[in-house]
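Side chains are part of it too, since the values below use all heavy atoms of this structure and drop only hydrogens, waters and symmetry mates. Numbering of residues begins at 1 and proceeds along the displayed sequence.
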Amino acid sequence: MVLAELGQKITGAIRKMTEAPVIDEEVLDAMLKDICAALLESDVNVKLVKQLRTNIKAIIDFEEMSTGLNKRKIIQRSVFEELCKLVDPGIKPWQPTKSRPNIIMFVGLQGSGKTTTCTKLAYHYLTKGWKTCLVCADTFRAGAFDQLKQNATKARIPFYGSYTETDPAVIAADGVDKFRREGFEIIIVDTSGRHKQEESLFEEMLQVSDAVKPNNVIFVMDATIGQACEGQARAFKDKVNVGAVIITKLDGHAKGGGALSAVAATRSPITFIGTGEHIDELEPFRTRPFISKLLGMGDISGLMDRVSELKLDDNKELLDKLRHGQFTLRDMYEQFLNIQKLGPFGQIMDMIPGFSSDMLGKGGKEESARRLRRSMTIMDSMCDDELDSDNSVKLFNKQPNRFTRVARGSGVVPQEVADLLTQYAKFAQVVKKMGGIKNLFQGGGSKVNPMQMAQLNQSMAKMMDPRMLQQMGGMSGLQSMVKQMQATGGGGLAGLMGMGGEDEAGKKKRGGR
């Protein structure tokens with residue numbers, strides 16, 4: 001994400017401040033100069049940048065600070081809080097209600113990615129267990145219904161539209177009535193794209209709104225126009241009751257920071273941000289986790305929420321095996337399945353303190369997903385005895401022809417099968433140590449012997465790529481992350497599985513094959 005460049009510049013400025021031998025006014029001014037320059041480069045309004053600088057200077061008063069205070073921590077916290085204020089409108093967004101129809105109407109400029117975002121949002125709610133559908137009321141742009149139809153079919157989402165009806169208000173009303181009768185919970189209505197100067201299209205937007213009476217109107221905004229977002233958002237808000245904003249194309253333009261801060265200035269809550277072209281590249285926008293990820297501090301609570309959705313603790317059979325330190329190749333396969341359910345690999349990387357999706361390099365996200373699928377293909381070519389054995393490595397080493405058979409069946413070379421078994425052996429070793437720690441799976445991190453927990457952390461650290469461990473801040477960083485997971489309710493199995501899944505993608509996510 002291009003916004004990562006902004007985060008790196010701000011993080012670099014804070015790091016220079018923390019490394020200074022003495023923290024004084026001169027060091028603070030130098031840090032603020034770098035932060036303000038980074039924000040201005042990201043097209044944040046100069047008035048907002050000036051206000052941020054003034055607020056931080058007002059909080060940090062070196063003359064009144066007592067000698068015992070940690071000045072570095074206070075400055076870091078102040079920068080974090082002011083950055084949060086920059087993109088937080090202070091308005092709580094509308095939330096849909098289960099077991100009843102929730103009508104969401106999309107409006108936006110032409111070319112902002114509105115139709116694609118409709119499908120992304122419908123897919124997002126679909127994965128959360130909602131019954132979702134799409135209605136195409138865009139009769140202005142040629143091919144709009146075909147595009148929505150193609151996207152919805154690919155995502156397996158019901159849709160409604162018409163090639164013959166020319167009145168968008170009629171199409172919208174008919175589509176909403178149809179899906180209401182069929183018991184759909186999320187009904188998303190796509191409307192024609194427009195510019196704020198086009199009064200006829202604005203009139204059409206109001207007619208559609210009157211016809212369907214939406215519970216929420218979402219304005220889709222293109223991040224590439226930067227701080228000009230403010231004027232557009234205000235123009236739409238004056239015409240229709242915009243309840244939320246989705247900002248698209250944040251993955252490909254340097255003006256994303258300006259777009260976020262400009263929309264926040266209109267006091268319209270940003271609910272989602274588009275971070276790519278794929279259907280699952282739509283992220284819920286929460287201010288503090290967003291700034292935390294931007295500065296490389298991760299989003300442990302968000303990660304734990306995703307892990308908890310997998311309901312790992314419901315797998316009693318697996319829990320019992322882990323208590324006894326048992327871990328088979330079939331268990332590892334199941335964890336790879338769960339990693340795929342967590343979402344795009346780049347998003348998961350952003351949630352881990354010290355990491356970002358940019359660390360994967362160009363095409364790195366796709367390569368990581370490809371390696372995961374390749375490992376699963378190798379295990380698909382194994383027989384039940386190999387998958388369920390307590391010592392699969394020994395089984396393969398006793399009968400080397402198994403390497404050749406599995407390699408042929410999965411279309412790889414025998415060495416790749418051997419590499420997978422080496423990875424599995426490391427996982428199994430850690431699980432065995434976990435099984436020997438009393439109270440580890442009782443959901444209470446405070447009950448675990450601290451010395452045994454430290455030994456487990458050291459075992460995990462040995463399994464990790466040294467560069468990844470260094471990026472997390474070494475052993476202290478790993479231990480800090482574990483504590484954060486326990487603080488967010490991840491002290492039981494889910495916390496441990498989440499902790500395991502961060503470094504060696506396939507390590508400990510639970511599910512069913």
Side-chain angles (χ1 to χ4, degrees), residues 1-11 13-14 35 38-39 41-45 48-49 52 76-93 95 117 120-121 124 218-224 226-227 229-230 233 244-276 280-306 342-359 481 484 488:
M1 189 190 292
V2 179
L3 267 181
E5 295 175 14
L6 170 62
Q8 288 164 6
K9 289 174 182 176
I10 295 175
T11 305
I14 295 172
I35 291 175
L39 292 170
E41 283 178 26
S42 192
D43 201 39
V44 177
N45 188 292
L48 296 175
V49 175
L52 178 138
Q76 286 174 339
R77 193 180 306 119
S78 301
V79 171
F80 180 83
E81 294 296 339
E82 289 303 318
L83 287 172
C84 287
K85 288 180 187 177
L86 197 64
V87 296
D88 184 7
I91 305 287
K92 190 175 180 180
Q95 295 294 334
T117 305
K120 284 183 175 182
L121 186 65
H124 168 80
I218 294 180
F219 177 41
V220 180
M221 177 66 71
D222 184 343
T224 60
Q227 60 180 284
C229 282
E230 182 174 355
V245 175
I246 293 178
I247 297 185
T248 61
K249 306 179 187 178
L250 270 172
D251 59 316
H253 208 276
K255 291 186 176 182
L260 289 167
S261 58
V263 173
T266 68
R267 295 188 65 76
S268 299
I270 301 167
T271 51
F272 291 88
I273 53 175
T275 56
D280 56 358
E281 292 180 321
L282 184 75
E283 295 183 31
F285 181 84
R286 294 189 294 269
T287 303
R288 299 183 77 83
F290 176 79
I291 296 297
S292 182
K293 287 190 288 184
L294 186 71
L295 300 181
M297 295 155 60
D299 176 17
I300 290 296
S301 62
L303 182 62
M304 296 314 302
D305 286 345
R306 292 205 182 193
L342 283 175
F345 196 68
Q347 289 183 17
I348 302 304
M349 285 285 283
D350 284 333
M351 291 179 173
I352 305 169
F355 288 86
S356 77
S357 56
D358 281 23
M359 286 173 58
M481 188 174 73
Q484 286 183 60
T488 54

ask   = Got a sec, which pairs hit salt bridge (Lys or Arg N to Asp or Glu O under 4.0 Å) with one end in residues 83-93, sequence neighbours left out?
value = E82-K85

request  = Please tell me if the side chains of L52 and L83 come closer than 4.5 Å, counting only heavy atoms from C-beta onward.
outcome  = yes

Heavy-atom closest pair, residues C84 and T287 = O-CG2, 3.4 Å

task = Check whether any side-chain heavy atom of L39 sits under 4.5 Å from a side-chain heavy atom of L86, and report yes or no.
result = yes

inquiry  = Which label fits F285 and F290: parallel for a plane angle under 30°, tilted from 30 to 60°, or perpendicular past 60°?
reply    = tilted

request  = Could you tell me which non-hydrogen atom of I247 sits nearest to which non-hydrogen atom of A223, and how far apart they are?
outcome  = CG2-CB, 3.6 Å

note = Here the gap from D280 atom CG to T275 atom OG1, rounded to the nearest 0.5 Å, amounts to 8.5 Å

query = Given side chains that start at C-beta, do those of K9 and S42 come closer than 4.5 Å, heavy atoms only?
reply = no

ask   = Can a salt bridge be assigned to the pair K120 and E283 using a cut-off of 4.0 Å between side-chain N and carboxylate O?
value = no

ask   = Between T248 (side chain) and M221 (backbone), is there a donor-acceptor pair under 3.5 Å?
value = yes

request  = Work out which heavy atom in A244 is nearest to a heavy atom in T271; give both atom names and the distance.
outcome  = CB-CG2, 3.5 Å

query = Less than 4.5 Å apart, any side-chain heavy atom of I270 and any of I246?
reply = no

